[in-house]
Amino acid sequence: MYNEEKTGVIMVSRAMAILNYLSTKGRPVGISEIAKDMGLPKATVFRILNSLEEWDAVECEEDRGYHLGCFLVKLGKSASSDIHLIDICRPHMEQIAKEIEENLNLAIEYENAMLSIYSTNIASLVLSPKSIPISPLYCSSVGKAALAYLGEERFKAYFKRQDLRKRTKYTLTTQEELETECEKIRREGIAFDDQEYEEGLYCISVPILNGEGGLVASLGVSGGYSRMISKKGKIIKLLKEAKEHIEIYTESMDGFVL
């Protein structure tokens, strides 16, 4: 007896199998080739492709065949955005924290400042500085990592509104100084706070970017000056490695997804 529900499940399964098949080909494929490779009747393949084409899940090039459509790009972007940024970053942050015995901080841009959304907590690190929930763009490493990717228009607007108070003798307080600093950050992929926010505090951060080069978040390490300097090379290496892995997931993100 005809079972509509069972038949529907089979057709969905075949549709997914065809999409997976097309994803492996890297070129348009005709109905006959799909049917032969997948062991399906041509009429069945044709009906499934017809339905998928209505949703732009596949596209047909005349005289060449079918390939994946733009609807799947939209779905991929949505699925990527649904992944929680903290869940992506936490394992990397905790592993690095154990290796270097310093705490890490994940921050996002919020109203021309950086908002801390997650920090590691090494209980044994008594002398570790407390995580700053809101930090300025111009004098923190997580902030400068973000400032470098604001874009020209927002970068200039920031200096019109922001009071660049000199917090320590090391603080950069002019647009020209910070333009030079941001160029270096974009070139080298790393940002530093060399006692600019607070004397005795040294911070290193990397920008976490999406596929279009836009900022998603900043990931940084903060600690006492002498401790941080002694392991600076290792910290930079570990942060850059984490950045590379994390950006696989943030490629399609527009920004932080709460």
Side-chain angles (χ1 to χ4, degrees), residues 4-92 106-110 117 145-146 148-155 186 189 206-219 240-258:
E4 185 176 351
E5 183 177 351
K6 184 177 180 180
T7 301
V9 171
I10 291 171
M11 293 302 281
V12 169
S13 178
R14 286 175 175 174
M16 296 301 291
I18 288 173
L19 290 173
N20 184 61
Y21 169 86
L22 291 175
S23 74
T24 66
K25 300 304 286 186
R27 60 176 175 82
V29 188
I31 291 174
S32 296
E33 185 177 350
I34 297 171
K36 180 182 177 182
D37 288 349
M38 299 192 68
L40 295 171
K42 288 184 183 179
T44 299
V45 172
F46 175 76
R47 285 198 301 272
I48 292 171
L49 288 171
N50 234 15
S51 296
L52 291 172
E53 195 172 11
E54 288 179 8
W55 283 89
D56 293 325
V58 299
E59 295 175 7
C60 182
E61 291 187 27
E62 192 174 353
D63 300 325
R64 296 191 65 198
Y66 291 84
H67 60 81
L68 296 179
C70 60
F71 180 66
L72 296 179
V73 176
K74 178 182 175 182
L75 287 183
K77 184 171 182 178
S78 176
S80 179
S81 296
D82 283 342
I83 301 172
H84 202 298
L85 182 61
I86 293 175
D87 292 335
I88 296 167
C89 297
R90 184 187 291 113
H92 299 284
L106 181 67
I108 59 170
E109 187 206 346
Y110 177 73
I117 57 172
Y149 291 91
L150 283 188
E152 186 177 354
E153 188 176 326
R154 288 194 62 209
F155 184 88
R186 288 190 293 269
V206 289
I208 304 298
L209 308 176
N210 60 27
E212 297 178 352
L215 182 84
V216 174
S218 295
L219 177 63
K240 286 189 172 183
E241 288 175 352
K243 168 186 168 73
E244 186 176 344
H245 288 292
I246 292 166
E247 286 182 345
I248 293 172
Y249 298 94
T250 61
E251 183 177 356
S252 299
M253 286 186 177
D254 294 326
F256 176 69
V257 180
L258 191 62

Asker: Mind checking the CD1-CD1 spacing from Ile31 to Ile48? Nearest 0.5 Å is all I need.
Answerer: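 Reported to 0.5 Å precision, the distance equals 11.0 Å.
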Asker: Does Pro28 reach the side chain of Glu59, with side-chain heavy atoms less than 4.5 Å apart?
Answerer: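 Not touching, per the 4.5 Å side-chain cut-off.
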Asker: Quick check: are there more than 12 heavy atoms from other residues, nucleotides or ligands sitting under 6.0 Å from CD of Glu153?
Answerer: no
Asker: Taking all non-hydrogen atoms of both residues into account, name the closest pair between Val206 and Gly189 and its distance.
Answerer: CG1-O, 3.5 Å
Asker: Check this for me: Glu244, atom CD, are more than 12 non-hydrogen atoms of other residues, nucleotides or ligands nearer than 6.0 Å?
Answerer: no
Asker: Looking at every non-hydrogen atom in both residues, tell me the closest pair between Ala145 and Ser218 and how far apart they are.
Answerer: CB-OG, 3.6 Å
Asker: Below 4.5 Å, heavy atoms only, C-beta onward: do Tyr66 and Leu52 meet side chain to side chain?
Answerer: no
Asker: Tyr249 and Ile88: which non-hydrogen atoms are nearest, and at how many Å?
Answerer: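 Taking Tyr249 first and Ile88 second, the nearest heavy atoms are CB-CD1, 3.5 Å.
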Asker: If you take all heavy atoms of Tyr149 and Gly213, which pair is closest and at what distance?
Answerer: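 That closest heavy-atom pairing would be CD2-O, 3.6 Å.
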Asker: So, do Leu219 and His92 sit near enough that their side-chain heavy atoms are less than 4.5 Å apart?
Answerer: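 No, every pair of side-chain atoms sits at 4.5 Å or beyond.
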Asker: In Å, rounded to the nearest 0.5 Å, how long is the span from OG of Ser51 to CZ of Phe46?
Answerer: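 Ser51 OG to Phe46 CZ: 9.5 Å, rounded to 0.5 Å.
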Asker: Determine whether Lys243 and Leu209 satisfy the following criterion, side chain to side chain contact (heavy atoms under 4.5 Å, CB included), listing intermediate values before the conclusion.
Answerer: CA-CA 9 Å; Lys243 168 186 168 73; Leu209 308 176; 4.0 Å; yes
Asker: Of all the heavy-atom pairs spanning Arg14 and Leu40, show the shortest one and how long it is.
Answerer: NE-CD2, 3.6 Å
Asker: So Leu22 and His67, do their side chains get closer than 4.5 Å, heavy atoms only?
Answerer: no
Asker: Using 0.5 Å steps for rounding, measure from the CD1 atom of Ile208 to the CD1 atom of Ile108.
Answerer: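 It is 13.5 Å, given to the nearest 0.5 Å.
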Asker: Glu53 versus Leu49: any side-chain heavy-atom pair under 4.5 Å?
Answerer: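 Of all side-chain heavy-atom pairs linking Leu49 with Glu53, none is under 4.5 Å.
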Asker: Does NZ in Lys240 sit with more than 12 non-hydrogen atoms of other residues, nucleotides or ligands closer than 6.0 Å?
Answerer: yes
Asker: After noting the C-alpha distance and the side-chain angles of Met38 and Val45, does the key distance pass the side chain to side chain contact (heavy atoms under 4.5 Å, CB included) rule?
Answerer: CA-CA 9 Å; Met38 299 192 68; Val45 172; 6.0 Å; no
Asker: Does any part of the side chain of Leu19, heavy atoms only, come nearer than 4.5 Å to the side chain of Val58, both counted from C-beta?
Answerer: yes
Asker: Can you name the one residue among Ile34, Thr24, Ile18 that meets side chain to side chain contact (heavy atoms under 4.5 Å, CB included) with Val29?
Answerer: Ile34
Asker: Could you grab the distance from atom CD1 of Ile86 to atom CG of Leu106, nearest 0.5 Å is fine?
Answerer: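 Going from the CD1 atom of Ile86 to the CG atom of Leu106 covers 6.5 Å.
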